[in-house]
Amino acid sequence: MRGDTRSYAAARKERAADIDRWLTDLLRTACGTPYGRTGKNGEHRNTDERGALSGVALVAVGSLGRAELAPGSDLDLVLLHNGRDDVARIADRVWYPVWDSGVGLDHSVRTVEEAAVVARGDLKAVLGLIQARHVAGDPELTRAARESVLSEWRADSRRRLGELRDAADKRAEASGELAFLLEPDIRDSRGGIRDVQAMQAVAAAWVASAPGPRVREAYELLLDIRHGLHLVTARSADRLVLQEQDAVAGTLGLLDAEALMRRLAEAGRTVAHAFDATWRTVDRLLSGPAPRGRRPLADGVVEHGGEVVLARGVNPRKDPVLVLRAAAAAAEAGLPLAPATVNALAAQSPPLPVPWPDDARDALVALLGAGRAAVPVWEELDQAGVLVRLLPDWERVRHRPQRNPVHRYTVDRHLIEAAAGAASFTREVSRPDLLLISALLHDIGKGWPGDHSTTGAVVARDIGARIGLSPADVDTLETVVRHHLLLPETATRRDLDDPVTISRVAEAVGSREVLELLAALAVADGNATGPAAWNSWKASLVTDLVRRVRSVLSGTPPPPAPTLSAAQASLARHGGGAIRVNGGAVTVVAPDRSGLLWRAAGVLAAHRMVVRAASAASAGSTAVIEFSVVPEYGSPPDPATLEADLRLVLAGRLDIEQRLARRTRSLRPARVPVAPPRVSLVEDASNTATVVEVRAHDRPGLLWRIGRAFGDCGLDVRAARVETLGAEAVDVFYVVDRAGRPLTDEVQRAQVRDQVLAALR
């Protein structure tokens with residue numbers, strides 16, 4: 001895991017030793033002992049010193065107690081005493097020099113009995129005292145305090161470990177999962193530093209084993225990354241924000257931020273996996289003896305004590321399919337694989353023959369078909385190193401970060417999440433096995449350079465042959481992986497009323513079988529990506545596209561031109577323009593006219609509404625625009641105010657441009673550099689309009705600026721598809737000249753591109 005990254009462990013230990021020496025001198029001076037007379041670890045050199053320091057001890061807890069101080073860490077200290085009258089004076093003479101030095105200090109003064117009382121009611125205090133380290137003074141006080149706290153921690157483990165688990169759950173809920181965050185909190189996220197410390201506290205209760213070598217290695221990497229973050233920021237920091245990631249990577253000797261985040265994801269998943277296993281052990285031991293007996297689950301696989309284990313007498317060395325069969329049985333039963341079982345299968349299972357036998361592929365499909373229950377079992381196989389032996393190409397996507405706010409997971413976790421989601425659609429396709437396998441492999445190309453759909457199709461073909469699919473099924477798998485983005489991208493970026501759009505999709509898909517696989521995969525992929533990638537608006541567009549393409553593939557007439565819905569027709573009767581706001585959906589219906597889309601978008605932006613998606617079309621002389629919006633903050637504006645401003649804009653009586661200019665001046669610049677905008681004219685996408693695709697960093701009034709640029713070029717927007725993915729806008733416009741024709745003159749096409757680019761700068 002560590003490779004050639006540089007550890008700061010030695011620096012942390014050296015700093016702790018330096019601070020120990022400093023604190024020892026402070027305590028000795030505070031107690032009136034001669035300078036320079038103490039030995040190592042604060043032991044007393046003579047009787048006078050023992051007398052002066054008797055009944056008082058300086059104890060390090062927290063990161064200093066563990067000798068894990070990062071450059072910006074505070075000092076956590078407890079001054080223990082036996083009731084000495086002068087303890088307040090001693091405390092002042094220790095604390096004030098620390099404060100004067102500028103080092104952060106968390107301090108307390110306690111007797112041994114008081115420390116025990118505080119530990120009973122304060123989880124943070126007890127966790128610190130469990131790992132307390134004697135610094136200076138009377139070591140007997142430190143020993144007594146630690147033994148008292150540890151004794152009560154063990155005696156009351158059932159209640160206290162429940163409290164520890166609740167605290168961990170709250171941290172995870174507040175801070176997310178370290179392995180999958182764009183800007184993770186290294187300390188508090190699930191899989192972070194505090195989870196390792198929680199496991200150490202469980203071990204101190206004698207309920208489960210201490211973290212093993214893989215977890216300790218991951219923990220050291222997390223500490224190193226936090227150390228590097230403190231050096232880069234010159235302050236105490238736990239959140240690894242985007243603009244610091246390249247610099248932190250450099251302090252660890254890593255190539256770039258992507259290499260850093262991949263290491264971090266691997267460490268976080270290692271810790272999270274061990275953390276879950278620790279709590280399973282805790283639950284099993286504290287809940288009493290498990291029911292006896294073994295329940296058969298599959299050939300050579302049984303349930304025992306709430307886990308999936310191998311049947312007696314089974315030899316993994318003689319059965320290469322056993323590992324997949326055991327995993328499928330565990331997922332279908334909703335049970336974890338026992339750690340000893342996973343380790344035995346990982347160490348002893350022989351390689352599967354290539355191509356795989358049918359029962360191996362069937363077991364893989366059964367595992368994926370278990371849905372959500374497949375995810376933790378898949379993670380078990382991954383942690384044990386089984387997956388990369390079964391599917392060597394998996395190594396290229398394993399722990400690979402997707403440094404994009406749209407994606408909530410690393411590539412490999414996204415793939416198994418998509419497969420788990422696809423299990424919900426197996427009743428809706430003719431080949432559920434190909435749906436599950438294609439969901440597992442649809443982004444496998446992200447481990448290679450180039451367009452991941454194209455490279456992924458090549459890799460998927462190789463994997464399909466490896467796992468024993470027939471040549472025809474391999475062809476289908478390759479097609480689905482190659483075109484897995486076809487439906488959502490077309491639905492959101494092309495005019496579905498344009499016959500060219502539907503014919504192109506039908507040609508690429510080729511069959512109803514592939515179409516239904518792509519439709520199900522689009523939903524599973526979108527949901528596994530994140531909320532910004534899939535919503536009801538996109539789902540309705542994809543459903544409409546699938547309906548139209550299915551009719552073409554079936555040879556039936558295309559659906560009729562769109563008409564206004566009852567709700568839209570009702571709005572149209574308002575005449576000059578009407579708006580209906582229903583939660584995050586805003587519908588604008590008005591007489592069709594040039595510039596309606598961007599003027600309406602300007603009204604929304606002026607009212608601090610962020611456009612996440614939009615579609616525009618015409619039905620006769622009426623234009624219909626559907627916006628999906630969210631307020632920048634607070635509650636959405638009053639619909640009546642929006643409608644009034646729209647009417648004013650259409651009448652030329654409201655200067656939206658001036659409002660937006662004021663807003664732009666008040667905006668803070670982006671925290672990190674963003675890629676420059678890109679404007680391209682898509683060839684052969686329509687016979688009746690010019691298709692302009694705009695990709696840019698989203699900002700207030702973006703649609704207004706783009707639309708105004710089209711107006712300056714003498715163009716009308718006939719249809720549009722607008723989508724915001726995270727902070728990136730992907731907008732597609734079907735534009736025509738004043739005569740209603742597409743642009744053919746190259747000079748004019750270049751002018752449009754330049755004009756839109758200029759509006760985005």
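Since we're looking at a predicted model, the values are computed, not measured.
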For a side chain to side chain contact (heavy atoms under 4.5 Å, CB included) check, start with the C-alpha distance between Asp195 and Arg171, then their side-chain angles and the critical distance, and finish with the verdict. CA-CA 9 Å; Asp195 279 355; Arg171 281 200 312 273; 2.8 Å; yes
Please report the C-alpha distance between Arg190 and Leu178 in whole Å, then the side-chain angles of each, then the deciding distance to 0.1 Å, and finally whether the side chain to side chain contact (heavy atoms under 4.5 Å, CB included) criterion is met. CA-CA 6 Å; Arg190 170 173 155 79; Leu178 183 143; over 6 Å; no
Could you please spell out the steps behind the side chain to side chain contact (heavy atoms under 4.5 Å, CB included) verdict for Leu77 and Leu23? CA-CA 10 Å; Leu77 297 170; Leu23 293 173; 3.8 Å; yes
Evaluate side chain to side chain contact (heavy atoms under 4.5 Å, CB included) for Met199 paired with Val271, printing each intermediate quantity in order. CA-CA 10 Å; Met199 286 188 278; Val271 171; 4.0 Å; yes
Salt bridge (charged side-chain N to carboxylate O under 4.0 Å, His left out) for Asp256 and Arg262? Distances and angles first, verdict last. CA-CA 10 Å; Asp256 54 21; Arg262 191 168 188 176; over 6 Å; no
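Contact check for Thr278 versus Val207: no side-chain heavy atoms found under the 4.5 Å cut-off. With contacts defined as side-chain heavy-atom distances shorter than 4.5 Å, the pair Thr341/Glu307 does not qualify. For the pair Leu231 and Tyr8, the minimum side-chain heavy-atom distance is below 4.5 Å. Counting heavy atoms from C-beta outward, Val377 and Leu337 have side chains that approach closer than 4.5 Å. With contacts defined as side-chain heavy-atom distances shorter than 4.5 Å, the pair Val109/Val78 does not qualify. By the 4.5 Å heavy-atom criterion applied to side chains, His399 and Met261 are not counted as neighbours.
Residues Ser54 and Arg84 have side chains that never bring a donor and an acceptor to within less than 3.5 angstrom of each other. In the model, Glu379 has no side-chain atom that pairs as donor or acceptor with a side-chain atom of His273 under 3.5 Å. For Tyr219 and Gln197, the side-chain atoms include at least one donor-acceptor pair closer than 3.5 Å.
For the atom pair OG (Ser63) and CD (Gln131), the distance works out to 11.0 Å, reported to the nearest 0.5 Å. For the atom pair Arg269 CZ and Glu177 CD, the distance stands at 8.5 Å (nearest 0.5 Å). From Ser73, atom OG reaches atom NE2 of His230 across 5.5 Å, with rounding to the nearest 0.5 Å. Note that CZ of Arg146 is 9.0 Å distant from CG of Leu129, once rounded to the nearest 0.5 Å. Interatomic distance, CZ of Arg239 versus OG1 of Thr233, reported as 13.5 Å (0.5 Å rounding). The distance from atom CG of Leu161 to atom CG of Asp156, rounded to the nearest 0.5 Å, is 9.0 Å.
Screening residues 68-82 for salt bridge (charged side-chain N to carboxylate O under 4.0 Å, His left out), with sequence neighbours left out, gives Arg66-Glu68.
A salt bridge is absent between Asp238 and Arg194; no separation between the charged side-chain nitrogens and carboxylate oxygens falls under 4.0 Å. One finds a salt bridge joining Asp169 and Arg165 here, because a Lys/Arg side-chain nitrogen approaches an Asp/Glu carboxylate oxygen to under 4.0 Å. Salt bridge present: Glu220 and Arg12 bring a charged side-chain N and a carboxylate O closer than 4.0 Å. Glu380 and Arg280 are joined by a salt bridge, as a carboxylate oxygen and a charged side-chain nitrogen come within less than 4.0 angstrom of each other. Using a cut-off of 4.0 Å between Lys/Arg side-chain N and Asp/Glu carboxylate O, Arg133 and Asp20 are scored as salt-bridged. The pair Glu417-Arg413 meets the salt-bridge criterion, since a charged nitrogen lies less than 4.0 angstrom from a carboxylate oxygen. A salt bridge between Asp92 and Arg89 is absent, with no side-chain N of the basic residue lying under 4.0 Å from a carboxylate O of the acidic one.
Annotation for Asp100: atom CG counts as buried by contact number, over 12 foreign heavy atoms lying within 6.0 Å. Trp99 CH2: more than 12 foreign heavy atoms inside a 6.0 Å radius.
Among all heavy-atom pairs drawn from Val388 and Glu395, the shortest one is CG1-OE1, 3.2 Å.
Side-chain atoms of Thr281 come within 3.5 Å of backbone N or O of Ala277 as a donor-acceptor pair.
Using cut-offs of 30° and 60° for the angle between ring planes, the Trp95 and His107 rings count as tilted.
Paired with Leu240 under the rule side-chain contact (heavy atoms from CB on, under 4.5 Å), one option of Glu183, Arg226, Gln245 passes, and it is Gln245. Only one option out of Asp382, Asp412, Thr410 pairs with Arg398 in a side chain to side chain donor-acceptor pair (under 3.5 Å); it is Asp382. Of the listed residues (Val59, Val56, Val87), just one forms a side-chain contact (heavy atoms from CB on, under 4.5 Å) with Leu80, and that residue is Val59.
Applying the side chain to side chain donor-acceptor pair (under 3.5 Å) test to Asp18 and every residue at least two apart in sequence or in another chain returns Arg21. With sequence neighbours excluded, the residues satisfying ring-ring contact (aromatic ring centres under 6.0 Å, His included) with His414 are His407, His442.
A cation-pi arrangement is absent between Arg160 and Trp153, since the terminal nitrogen or guanidinium carbon is not both under 6.0 Å from the aromatic centre and inside a 45° cone about the axis.
Taking the six-membered ring for Trp and the full ring otherwise, Trp378 and Trp394 have centroids separated by under 6.0 Å.
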